[in-house]
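First up is the structure itself, then whatever we jot down about it.
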Amino acid sequence: MQWILATTEEPPAWFIQLIKQYAPASSSGLFAAQLLWQRGIQDKSQLAAFLNHKTYQPASPLEFGQEMHLAMARLQQARKVGEKVAIWGDFDADGITSTSVLWDGLGQFFTQHQQLTYYIPNRLKESHGLNEIGINNLAAQDCKLIVTCDTGSTNIDEIIYAQKLGIDVIVTDHHTLPTERPPVTAIINPRYLPKEHPLYNLSGVAVAYKLVEALYQTLPDIPQDPLENLLDLVAVGLIADLVQLSGDCRYLAQLGIQRLQADLQQPPTLRRRPGVGRLLELCQKSGDRPTDISFGLGPRINAVSRIQGDASFCVELLTSRDVKRCNELAEVTELANVRRKSLQKDVQTQVNQKLSQLDLSTTSVIVLEDPQWPAGVLGLVAGQVAQETGRPTILLSTEGNGELARGSARSINSVDLYQLVKDQAYLLHRFGGHPYAAGLSLPVENIPLFRDAINQQLRQTLGGINLTPTVQADIVVTVADLGKELFLELKLLEPCGMGNPVPKLFIKNCWFENTWHRNQQDSQGKKVQYIKTDFDIRDDSTRNPFPGIWWGHYKEELPVGRCDCIAELDYNTFKKRYEIRLIAVRSSENSTPQTQHSANILDWRNLSESLVPNSPSLILEECPTHWDDLRAWWRRSLYNHQQLALAWSKPDHKPPKAIWLTLVGIAKYLSRTNQLVTRVQLLEKLGISDRALFLGIKALKYWGFTVTRQDRNLQFTWNSSSLLETKGDVAVAEFLAAVSEEQFQQQYFAEVPLSTIVAMVNQI
């Protein structure tokens, strides 16, 4: 595994002084200042909006435009004529909290159980999204309107089917959009907004909240409960779904955590969410940390569908005021999570055995299958394997009738998994997801073809670059730095998530003492095959050891003697102590981590020409199609001691077939007029690479054209007798495939996060 240390450029003195106003009195503020500075928070107004939600101005739900107005009109119509409305949710934590937000929120306008109902697919029997069986079920209940949450954007056939049964559909979702607007009454999806919009990164639960917020604004005299009562659920879904916590996402999470803490301070009988409180007690969390959601609530809500399939009762757990009933449901949820841990451990062991038989040097995408694997935990194990190997991982279960394999896929930051899977759609039964995670099903007989095709696709995309697992540290600390002061200083960055990860601490030349491990126990005292190692960490900076834990590892896995480690600093509310959570460890004789030069790469992509600064930087205006191209520019910038400015724009591609027809038209014109053309002129006219042009000229030759060189010019002549139509079709297909690949690469480089670019160019 490659260790990377983020650039630790010292921020200016004025910025450090500014941080001290927010940091604890006993703290220097330097560590927080370093982190915020390297994460791009570099001026006073940015800092204020980031650290204090009261200074942030949230976006209006009406910024979704006409789609939100259409949704409001249809909901008002349903309320006016007394139609029955169904919420169609999803079975993961984001989907469950989304359903709960709509259940509570729309419940202010429609009578629950009479006018308003909800439907959550069974994870083990159904897939994500709408399906005909569920739609038939709702039609039998005389539902006239479905409001989806966290799903539905690409369910075109199912939406049409619902319409045939007289059911309108409002989609609220945040997943990948279809090529054309689905035939729905309204679709509220932030992916239609510009990437820089503060609502762009909303998760499913936050989109659902925005729909309810718009309804509150449209019909302000009807609701009895304040809108803010929904924010605790929003925070749970946002943090559990691992979306980028910037813009309105961060703002809503900050408010939601405060709302959650306020509710937990009440006695159980007075809490608005007694189920949440009991679940936190069972997982020994207090609810005052975002990690209590990401490591406590989120996995437990997700565990129910993974183990039982049907997670519908989780909505009742999150929304009911019945303390006794909530306690019962929380116990069931906790036991499901215990079972999930045990199953996950078993599958992980089996996957590791299969991995040991793979040659990873020739494997770009790991695709493994087994008839005994429970489908519910495959995504979790795939995520672990992807992190450990640095390769996208797809795990498939062929249990059941043996005809259809179902599974989950997880990616690493540098690979758009959704696009990778989508390119193999001709082999699949169904698929869906986003760049980091996907679910899919396919005929068992297609698995070998799928494995070969997806590996070939990624190898072409990477262009020979070897995938390497990486772990990044943010700041260097000593054991003496660990403790309350540093914890409170780093707490300024919370809530953390994608785009603002939990700070990773690099501790050099340390060692471990008092190591021991044990199996975890469930709430009934039974052992679970899930290991945790406890230890004390020491170094030369202090005589005092500091406690820590390492989840999923045995004590024998810790190095003997001096070592380096990467860890997160946490507060254990159950043991009432500060501790580190070990992320990675290695012997000290290993080389020091490579430094990322993130400050030396400027992201000016997609800026209008008037906004591009005048700068001595090395400016790259042409969108690359290969990592090696980008690395060459990066090495040149380092040699010249310049910053590298990425200044290309999102490409406006013509369809490959249109480019082929243009090339044929040019060839016909030039042969008819006997004019000459240069290679550069053709490249600029067609917007393709030299390789694609070579394949295009090759295809033209099979279609009767002769291409000859005259100095730097090309001359085209046509002779019908040299026409070879069969070979020509194959050659054209090669040309179209090459153009498609180039366009995919350019699209990727137009949108890939800067953090991924920094990581990849450093893999020299």
Side-chain angles (χ1 to χ4, degrees), residues 127-129 153-156 173-180 189-192 195 200-201 242-244 363-367 379 382-383 386 390-396 407-442 446 449-465 467 498 605-606 623-627 629-630 648 650-656 689 692 736-757 759-760:
S127 62
H128 295 276
S153 291
T154 56
N155 291 134
I156 309 299
D173 192 13
H174 71 123
H175 291 101
T176 306
L177 296 168
T179 53
E180 296 181 3
N189 189 321
R191 300 295 170 184
Y192 283 115
K195 277 197 168 182
Y200 182 80
N201 291 307
L242 301 178
V243 295
Q244 185 163 320
T363 303
S364 299
V365 184
I366 295 169
V367 182
R391 288 160 173 75
T393 300
I394 302 172
L395 301 181
L396 300 164
S408 294
R410 296 293 184 269
S411 191
I412 54 173
N413 286 343
S414 57
V415 178
D416 184 338
L417 181 65
Y418 180 83
Q419 186 63 47
L420 195 61
V421 173
K422 183 181 178 182
D423 287 341
Q424 324 310 323
Y426 64 99
L427 294 171
L428 303 178
H429 173 64
R430 291 186 69 166
F431 75 96
H434 53 75
Y436 301 109
L440 68 159
S441 60
L442 72 163
N446 286 357
L449 289 171
F450 174 75
R451 181 186 289 112
D452 292 343
I454 201 167
N455 268 278
Q456 182 180 9
Q457 174 74 24
L458 185 55
R459 277 195 294 271
Q460 291 174 352
T461 301
L462 294 172
I465 302 301
L467 292 171
M498 286 182 59
R605 289 175 295 172
N606 304 312
C623 185
T625 58
H626 198 287
W627 283 111
D629 298 338
L630 197 50
W648 59 78
K650 189 173 183 178
D652 183 17
H653 291 132
K654 294 180 180 178
S689 71
L736 296 176
V739 174
S740 296
E741 174 63 20
E742 287 175 6
Q743 291 183 348
F744 167 74
Q745 288 292 339
Q746 290 178 332
Q747 190 74 25
Y748 174 78
F749 279 107
E751 299 177 351
V752 63
L754 180 62
S755 59
T756 299
I757 291 176
M760 290 298 287

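Bear in mind the structure is a predicted one, so any value in this text is a computation, not a measurement.
Checked against side chain to side chain contact (heavy atoms under 4.5 Å, CB included), Asn201 has the following partners two or more places apart in sequence or in another chain: Gln244, Ser246, Cys249. Residues passing the ring pair (Phe, Tyr, Trp, His ring centres under 6.0 Å) test with His174, sequence neighbours excluded: none. Scanning for side chain to side chain contact (heavy atoms under 4.5 Å, CB included) contacts around Pro435 gives Asp416, with sequence neighbours left out. Judged as a side chain to side chain donor-acceptor pair (under 3.5 Å), and not counting sequence neighbours, the contacts of Gln419 are Asp423. Annotation: side chain to side chain donor-acceptor pair (under 3.5 Å) contacts of Thr363 (sequence neighbours excluded): none. Scored by the side chain to side chain contact (heavy atoms under 4.5 Å, CB included) test, Ala737 finds no partners at all (sequence neighbours excluded). Phe450 meets the ring pair (Phe, Tyr, Trp, His ring centres under 6.0 Å) test with no other residue; sequence neighbours excluded. Partners of Thr154 according to the side chain to side chain contact (heavy atoms under 4.5 Å, CB included) rule, which considers only residues two or more places apart in sequence or in another chain, are Pro178. Taking the side chain to side chain donor-acceptor pair (under 3.5 Å) definition, one finds that Arg391 meets it with nothing, sequence neighbours left out. Residues passing the ring pair (Phe, Tyr, Trp, His ring centres under 6.0 Å) test with Phe431, sequence neighbours excluded: Tyr418. The side chain to side chain donor-acceptor pair (under 3.5 Å) check on Ser153 picks up Asp173, Asn189, with sequence neighbours excluded.
Cation-pi geometry between Arg410 and Tyr436 is not satisfied (NZ or CZ under 6.0 Å from the ring centre, within 45° of the ring normal).
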Exercise. Before giving the answer on side chain to side chain contact (heavy atoms under 4.5 Å, CB included), spell out for Leu396 and Leu442 the whole-Å C-alpha distance, their side-chain angles and the decisive distance to 0.1 Å.
Key: CA-CA 9 Å; Leu396 300 164; Leu442 72 163; 4.0 Å; yes
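With rounding to the nearest 0.5 angstrom, the CD1 atom of Ile394 is 10.0 Å from the OG atom of Ser408. With rounding to the nearest 0.5 Å, the separation of OG in Ser364 from CD in Gln460 is 10.5 Å.
Residues Val415 and Pro392 share a closest heavy-atom pair of CG1-CG, 3.9 Å. Listed here is the closest heavy atom pair of Arg191 and His175: CG-O, 3.6 Å. Closest non-hydrogen pair, Gly129 versus Asn155, comes out as CA-OD1, 3.3 Å. The shortest heavy-atom contact between Pro624 and Phe749 is O-CD1, 3.3 Å. When all heavy atoms of Asn455 and Val365 are compared, the pair lying nearest together is OD1-N, 2.9 Å. Among all heavy-atom pairs drawn from Thr393 and Ala382, the shortest one is CB-O, 3.6 Å.
Inter-residue side-chain proximity for Leu427 and Ile454 is flagged as unmet; no heavy-atom pair is nearer than 4.5 Å.
The backbone N or O of Ser689 sits less than 3.5 Å from a side-chain atom of Glu742, completing a donor-acceptor pair. Without hydrogens or angle criteria, Gln424 side chain to Leu449 main chain gives no donor-acceptor distance under 3.5 Å.
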